[in-house]
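Just so you know, ligand 1 is whichever comes first in the structure, and atom 1 is the first atom listed for that ligand. Values below: all heavy atoms of this structure, side chains included; hydrogens, waters and symmetry mates excluded. Model, not experiment: these values are computed from the prediction. Numbers for residues simply follow the sequence, beginning at 1.
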Amino acid sequence: MGKMRANVFHGVNDIRVEEVQRPHAGVGEAVIRVTLTTICGTDLHIVRGEYPVKPGLIIGHEPVGVIEELGLGVTGYEIGERVLVGAITPCGQCRACLSGHHSQCGHGTGFEAIGGWRFGNTLNGAQAEYLLVPYAQANLAKIPDELSDDQVVLLADIASTGFSGAESGGVRIGDSVAVFAQGPIGLCATAGAKLMGASLVVGIDGDETRLGMAKRMGADVVLDYRGVDVVAEIKRLTGGGVDVAIEALGTQQTFENALRCLRPGGTLSSLGVYSGKLQMPYDAFAAGLGDHRIVTTLCPGGKERMRRLMETVRRGRIDLRPLLTHTFALDQIAEGFGIFGDRRDGVLKVAIRP
Ligand SMILES: NC(=O)c1ccc[n+]([C@@H]2O[C@H](COP(=O)([O-])OP(=O)(O)OC[C@H]3O[C@@H](n4cnc5c(N)ncnc54)[C@H](O)[C@@H]3O)[C@@H](O)[C@H]2O)c1
Ligand SMILES: [Zn+2]
Ligand SMILES: [Zn+2]
């Protein structure tokens, strides 16, 4: 058994890059040599103890790599091919997958809430030299030769999630859309709303750099929630409320603001991860009689999702490279966590090169 370097979670605020066993591909699995990955906001939740995972787990869930081993039954791929693997790895065969709910995959049987998210959650993740990919046939997406690793790495999670906020919200040509929070997820939701044909996209945040980036990603108007009554301003801009409000933070305030700035019959598309209780004041949703829709989405994964997203990059519809603000080697990942966690130095996303 060979060894590899990997970023291992040992407990709250205790991650260490160390030597661990290298994985090998069993039936239906593949091993990739990771060439680029990133640190996600969710990894911060894990390290801070806000989202529990087992000590000893390698974290990270945004992998780009080269096929190193193919297990029995995985066909149509060659060793050495470059692949992108989504953060969510559906089996493609369970009731959830075959009903179109890939992210709630039940691993060959029924439905399991958040069951599709396995890397760096219930299985070893991508902040390592090598990564074991489960259900490889459903999850290895070949990268077109003309695309570089840094052009596609953010499609695994951030862009797939952000775009899905606009897709699940059912944004239509001509819609007005408000996106609450312009972190990496919200910025991609902003880009997604624009891609889907919104005629007005309003990006809300309290960070100058991020509001600037929101404009670059497609926002027509940006609002700083620290100095503006955002609900009143959005109602003024839209003559009564937006068609779709996307929540991309996971707090009472942003959820409530998203609800309050919706027109009757509008859709609140929620992406944030919440904790504790979420309250719904009756006046914010017309006492339940406003024909509102509230939808939630976990990042869509699987190789077809990745193929489609890579095509949007290849055809020049989107360029996510401006969001990759910092790069570190795997051995320097602690420094990356520091900058990312403190939101220092204009950071948006940190790339890691194992
Ligand atoms: N649904 C999914 O599949 C999925 C996937 C990944 C992450 N997430 C979740 O998405 C959320 C956003 O992730 P991220 O990495 O973009 O977050 P982030 O922490 O990088 O960014 C959050 C942003 O919110 C802004 N903000 C704070 N208070 C605000 C307010 N009151 N109004 C408007 N903006 C405000 C901050 O300035 C910051 O720019 C998190 O809850 C994360 O856990 C969901
Ligand atoms: Zn993530
Ligand atoms: Zn499944």
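Counting non-hydrogen atoms of other residues, nucleotides and ligands closer than 6.0 Å to CG of Asp145 gives a total of 12 or fewer. Atom CZ of Arg315 sits in a sparse spot, with 12 or fewer heavy atoms from other residues, nucleotides or ligands closer than 6.0 Å. More than 12 heavy-atom neighbours from other residues, nucleotides or ligands sit within 6.0 angstrom of CD1 on Ile79. Atom NZ of Lys215 is surrounded by 12 or fewer heavy atoms from other residues, nucleotides or ligands within 6.0 Å. Residue-environment remark: NZ (Lys194) stays at or below the threshold of 12 foreign heavy atoms within 6.0 Å.
When distances to the Zn ion (ligand 3) are checked against a cut-off of 2.8 Å, Cys94 contributes an N, O or S atom below that limit. Backbone or side-chain N, O or S atoms of Cys97 reach the Zn ion (ligand 3) at under 2.8 Å.
The protein heavy atom nearest to atom 15 (O) of ligand 1 is Pro184 CD, 3.8 Å. At the shortest separation from atom 7 (C) of ligand 1 among protein heavy atoms lies Ile185 CD1, 3.5 Å. Protein heavy atom nearest atom 27 (C) of ligand 1, with residue, atom name and distance: Leu249 CD2, 3.5 Å. Ranking protein heavy atoms by distance to atom 34 (N) of ligand 1, first place goes to Ala181 CA, 3.5 Å. When only non-hydrogen protein atoms are considered, atom 39 (O) of ligand 1 lies nearest to Asp205 OD2, 2.7 Å. The nearest heavy-atom contact from the protein to atom 35 (C) of ligand 1 is Tyr225 CE2, 3.5 Å. Ranking protein heavy atoms by distance to atom 31 (N) of ligand 1, first place goes to Gln253 OE1, 2.8 Å. The protein heavy-atom contact nearest to atom 43 (O) of ligand 1 is Val273 CG2, 3.3 Å.
In summary, the side chains of Thr238 and Arg263 do not present any donor paired with an acceptor at a separation below 3.5 Å, with no hydrogens or angles considered. Of the N and O atoms on the side chains of His61 and Asn121, not one donor lies less than 3.5 Å from an acceptor on the other residue.
With a 4.0 Å heavy-atom cut-off, ligand 1 is reached by the side chain of Thr254 but not by its N, CA, C or O. Residue contacts with ligand 1 for Ser164 are absent, since no atom lies close enough (heavy atoms, distance under 4.0 Å). Neither the backbone nor the side chain of Asn257 comes within 4.0 Å of ligand 1, counting heavy atoms alone.
Among the atoms of Arg210, some N or O lies under 3.5 angstrom from an N or O of ligand 1. Between Leu271 and ligand 1, an N or O atom pair is found at a separation short of 3.5 Å. Taking distance alone, with nitrogen or oxygen atoms compared against 3.5 Å, Asp207 stays at or beyond that limit from ligand 1. Looking at ligand 1, you won't find any N or O of Phe180 less than 3.5 Å from one of its N or O atoms.
Here the side chain of Glu68 pairs no donor or acceptor atom with the backbone of Gly80 at under 3.5 angstrom. Between the side chain of Glu247 and the backbone N or O of Gly272, at least one donor-acceptor pair lies under 3.5 Å. A donor-acceptor pair under 3.5 Å is absent between the side-chain atoms of Ser176 and the main chain of Val242, judged by distance alone. In this structure a side-chain-to-backbone donor-acceptor pair under 3.5 Å is missing from Ser270 to Thr296.
Partner of Phe255 under the side chain to side chain contact (heavy atoms under 4.5 Å, CB included) criterion, chosen from Gln279, Arg260, Met280: Met280.
Of all atoms in ligand 1, listed by their number and element, those nearer than 4.0 Å to a heavy atom of Cys299 are 2 (C), 3 (O). Below 4.0 Å from some heavy atom of His45 lie the following atoms of ligand 1, by number and element: 43 (O). Interface atoms of ligand 1 facing Thr161, defined by a heavy-atom separation under 4.0 Å, are 1 (N), 2 (C), 3 (O), 4 (C), 5 (C). Annotation for ligand 1: atoms under 4.0 Å from non-hydrogen atoms of Leu298 are 3 (O).
At the Zn ion (ligand 3), the vertex angle linking SG of Cys91 with SG of Cys105 is 100° (nearest 10 degrees).
Cluster membership for Phe285 and Ile234, using ILVMFWY side-chain heavy atoms within less than 4.5 angstrom, is shared. Ile15 and Tyr51 fall within the same hydrophobic cluster, where Ile, Leu, Val, Met, Phe, Trp and Tyr residues are linked whenever their side-chain heavy atoms come under 4.5 Å apart, directly or through other members.
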Requested in this report: Mind running salt bridge (Lys or Arg N to Asp or Glu O under 4.0 Å) on Glu311 and Arg314 for me, showing each step along the way?
Outcome: CA-CA 5 Å; Glu311 280 301 291; Arg314 197 166 72 90; 2.8 Å; yes
Report task. Please report the C-alpha distance between Arg118 and Glu29 in whole Å, then the side-chain angles of each, then the deciding distance to 0.1 Å, and finally whether the salt bridge (Lys or Arg N to Asp or Glu O under 4.0 Å) criterion is met. Result -> CA-CA 14 Å; Arg118 309 190 77 197; Glu29 298 171 338; over 6 Å; no
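Using a 4.0 Å cut-off between charged nitrogen and carboxylate oxygen, Glu167 and Arg305 count as a salt-bridge pair.
Of all protein N/O/S atoms, those under 2.8 Å from the Zn ion (ligand 2) are Cys40 SG, His61 NE2, Asp157 OD2, and waters are not counted.
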